[in-house]
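Here the structure is a predicted model, which is why all the values come from computation and not from measurement.
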Amino acid sequence: MVKLPLEGIRVVDITVIYAGPFATMNLADWGAEVIRVESIKHFQVLTRGGTAHPNQDIVSDPVRTGGIATYCGRDVSFRPWNRWTLFNAHARNKLGCTMDMTQPKGIEIFKRLIAMSDVFLESNAPHVKENLGLTYDVLKEINPKLIMLSMPGFGGSGPYKYYRALGVHQEGFIGHTALRGYPDSDPSTTSTVYHADEAAGATAALAVLMALHYRNRTGKGQHIDMAQAEATMPHLGEAIMDYTMNNRVQESMANRMPGAAPCGCYRCTGEDRWVNITVTSDEEWQGLRRAMGDPEWAKDEKFTDSLSRENNQDELDEHISKWTTNHNHYDLMHMLQKEGVPAGPIIFEDDAYTDPHLKERGFFQEVTQEECGTHIYPGYGFKISGVPNSIRRPPVRLGEHNEYVYKEVLGVSDEEYQQLEEEGHIGMDFLPEVR
Amino acid sequence: MEQALSDIKVLDLTHYIAGPYCTKLLADYGADVLKVERPDGGDWARRMGPFLGNEPHPDKSGLFLHLNTSKRGITLNLKAQDGKKIFRELVRDVDILVENFSPRVMPSLGLSYEELEKINPKLVMTSISNFGQSGPYRDFKASELIIYGMGGAMNETGMFDRYPLKKAGNVIQYQVGTMAAVSTMVALFASQAQSAGQHVDLSMFESQAGTIDRRMSHFITYQYNNETSYRPDPEIDPPGFPYGIYACQDGFFQLTGGFVFWDRICKMMDRPDLVDDPGFSTQEGQRDPENLERFSIIWYPWIAERTKLEIITAGQAAGVLCGPINDPGDLVNDPHWKARGFWEEIEHSVAGRLTYPGAPFKMDETPWRASRPAPRLGEHNNEVYGELGYSGEDLERLKEQGVI
């Protein structure tokens with residue numbers, strides 16, 4: 001069997017919710033031994049559910065979707081924290097153990113694990129690691145080759161150092177919220193889908209890989225201070241540069257972009273189905289006309305060149321919508337791409353699972369998790385020619401690898417293991433009193 | 001100070017946004033990145049705004065300047081025989097090649113991975129494309145909007161009763177560029193472990209389909225429960241309160257409250273008397289519209305008479321997840337990022353001294369550094385081709401032939 005590129009790298013992961021776990025997923029996917037360290041005495045809201053012991057009636061309520069995530073089968077009767085879709089999205093290929101770091105013994109065990117690891121990632125606000133005494137200064141004494149990445153929202157210095165923020169709040173700070181949304185509405189209509197989590201998660205994985213590369217060359221570990229917001233800011237580079245160069249404050253353009261017309265999403269047949277079209281040249285405009293059967297309105301001077309199309313875009317959009325509304329969103333992609341016009345459907349989950357391209361490329365993969373059963377999961381975002389990319393382990397359950405981590409990695413005796421169970425370090429269930 | 005990738009050489013055949021952001025990330029952390037542009041106009045991003053002083057000019061595009069820091073630049077016509085020959089010489093000597101042509105281009109130039117691997121058996125070649133190097137959509141055209149619509153969670157972005165929305169600007173392509181840098185580093189590890197070259201096939205579509213936050217979770221929700229996602233109607237599916245974006249005295253702010261954080265909200269408003277009110281502090285209570293009404297009577301007057309700074313300061317002191325809605329000007333002037341030294345002043349011989357976004361992360365031992373401004377078209381031709389042994393005369397000839 002081919003050795004995976006990150007095999008032999010042990011990563012200790014106490015990150016929460018989306019961004020940090022997405023970083024460690026990208027390390028676990030390519031062979032790193034990522035060990036999630038959790039606690040059965042402390043429930044991190046959102047990471048493994050809304051609450052530790054959710055109310056079955058509320059979860060079952062058909063009106064309520066669960067918002068950003070829900071439970072497998074909407075069934076919370078047994079270990080709901082292992083059935084939470086948000087967590088199960090990123091938890092593949094990882095190992096999991098539990099320890100209670102509010103007890104001195106938990107900290108001691110954690111430090112033993114750090115001593116035997118290569119990388120440590122954490123995404124809490126900085127006071128958490130400070131209160132626990134788990135700063136880099138302390139940990140590098142235990143493991144001088146350690147690479148530690150801290151990724152709080154605002155970084156490890158500056159006036160907002162201790163501010164708490166999810167991706168959503170960071171986006172408000174850095175201008176993304178103001179730069180998106182409906183131009184004719186106030187920002188309160190801005191969607192609940194965010195960018196900072198994926199941006200920071202991917203960037204954190206990159207930072208760790210760079211630090212590992214440097215360590216391979218020199219033997220030196222280091223600390224990485226990543227403000228999730230700073231990792232996301234370069235993604236808004238042109239809006240930032242427009243301000244620093246020209247003092248211009250950009251606003252949302254919704255689905256449009258400079259130099260393209262038409263550029264938008266248009267309603268299709270079916271419920272809430274849409275096609276996106278982006279025309280950036282006269283050639284593509286001619287292609288669109290052909291696809292539409294060259295209607296009379298399209299011959300109007302108002303639409304002859306890109307400037308006139310951009311100036312009459314609202315009217316243009318109305319005409320195009322009248323055409324698309326009679327067609328299926330996938331059919332429109334094929335009709336338009338055949339004529340050289342950039343177009344694609346807005347893909348819902350059901351579309352994706354039947355999409356012939358994703359199918360041929362083998363994007364989705366079957367995975368069996370003990371408590372949720374067998375399902376088809378989204379796979380890897382890229383392929384590497386010499387490396388297999390099949391999911392090796394299902395989404396990790398709380399405390400699933402306690403035996404391995406304690407006995408094999410840390411060398412804990414059976415007796416000590418039992419004692420640690422009694423002391424509330426080791427377990428597979430959140431304690432009943434945990435909210 | 002040494003940088004993380006000081007020992008890495010990258011040949012950069014990318015243009016536009018995703019590819020250049022990938023190689024910028026590598027270059028700013030120390031890789032020696034050589035950007036290869038076509039002689040007739042170069043990277044298309046040079047023609048995209050915003051332009052300094054609103055004056056279209058190939059060296060005054062803010063987009064291009066931002067995306068190409070720390071790289072050297074040469075021009076080379078890959079369609080010319082001499083151009084191909086020179087390209088092969090360049091490939092021999094690098095660790096990494098990144099390209100984002102449509103999948104037919106490199107093979108049609110005789111520069112497929114299989115060909116290049118023969119020249120450089122440990123080569124990592126990262127190919128970024130709309131839909132990947134295979135599959136029925138391989139040759140389809142795309143855009144920021146189309147990739148997000150197909151790969152990302154656009155179906156659930158926006159209001160339930162309006163059209164779906166993309167995110168701002170070109171953030172999806174930046175995200176793909178970041179993932180391309182991740183994939184390149186992983187492939188570099190693979191190449192070293194196996195002593196064999198690696199070809200990365202990064203499809204923008206799949207990179208989005210395999211991303212956090214919503215897309216992967218909701219694929220799994222669909223599998224688990226046969227439920228598809230949608231743009232939520234806040235009336236039908238209230239997220240609890242307070243929650244979301246609100247207008248205050250001088251603008252907008254947002255916060256995440258709900259019953260889970262109710263005690264913190266009370267602390268923020270200095271209303272300890274409300275902490276144990278079951279209409280506010282329990283999930284069941286927050287689902288009763290009468291309690292929302294009771295809450296609104298307390299909440300709206302409180303926020304209306306305060307500025308976003310006052311609210312955020314009080315909220316953060318109480319541990320509430322919250323923040324202002326800033327525009328790019330607010331961002332650049334925000335004292336926090338200034339205190340952290342995020343902004344970078346970079347001098348460019350044509351565009352002058354400008355402020356750029358700086359390090360996406362700070363490495364203790366191996367810092368981020370914009371070691372040079374974005375290259376002018378062909379700026380390093382003499383230097384690079386000189387290193388390859390081409391004389392001034394050769395270069396004149398190649399220039400006349402349109403090779404460089």
Is chain B contacted by the side chain of Asp242(A), its backbone, both, or neither, given a heavy-atom distance below 4.5 Å?
both
Pick one of side chain, backbone, both or neither for Leu354(B), based on which atoms fall under 4.5 Å of a heavy atom in chain A.
side chain
Count the heavy-atom pairs under 4.5 Å between each of Leu26(B), Leu188(B), Val260(B), Asn54(B) and chain A, then report the option with the highest count.
Asn54(B)
Please work out which of the three classes, parallel, tilted or perpendicular, describes the rings of Tyr163(B) and Tyr182(A), given edges at 30° and 60°.
perpendicular
Region of Leu4(A) that comes under 4.5 Å of a non-hydrogen atom in chain B:
neither
Which is it for Tyr29(B) and His213(A) under the side chain to side chain contact (heavy atoms under 4.5 Å, CB included) test, yes or no, and what are the steps along the way?
CA-CA 12 Å; Tyr29(B) 286 98; His213(A) 177 80; over 6 Å; no
Please classify the contact of Asn170(B) with chain A as side chain, backbone, both or neither, using a heavy-atom distance under 4.5 Å.
both
Which bit of Phe22(A) is near chain B, if near means a heavy-atom gap under 4.5 Å: side chain, backbone, both or neither?
side chain
Contact class of Thr184(B) relative to chain A, heavy atoms under 4.5 angstrom
neither
Heavy-atom distance under 4.5 Å to chain A: side chain of Val332(B), backbone, both or neither?
side chain
Top of Met48(B), Gln192(B), Glu284(B) for chain A proximity - count of heavy-atom pairs under 4.5 angstrom
Glu284(B)
Measure up the His357(A) and Tyr137(B) rings against each other and bin them: parallel (under 30°), tilted (30 to 60°), perpendicular (over 60°).
parallel
Option that, when pairs with chain A are counted at under 4.5 Å, heavy atom only, ranks first among Glu365(B), Met363(B), Arg340(B), His199(B):
Arg340(B)
Return the orientation label for the His235(A) and Tyr174(B) ring planes: parallel under 30°, perpendicular over 60°, tilted otherwise.
parallel
Most contact-rich option vs chain A, by heavy-atom pairs under 4.5 angstrom, among Gln194(B), Gln223(B), Met159(B), is Gln223(B)
With Asp139(B) via salt bridge (charged side-chain N to carboxylate O under 4.0 Å, His left out) - residues at least two apart:
Arg104(B)
Does any heavy atom of chain A fall under 4.5 Å from the side chain of Asp330(B), the backbone, both, or neither of them?
neither
Can you list everything that forms a side chain to side chain contact (heavy atoms under 4.5 Å, CB included) with Glu360(A)? Sequence neighbours excluded, please.
Pro136(B)
So which residue, Ser229(B), Pro232(B), Pro357(B), ends up with the most heavy-atom pairs under 4.5 Å with chain A?
Ser229(B)
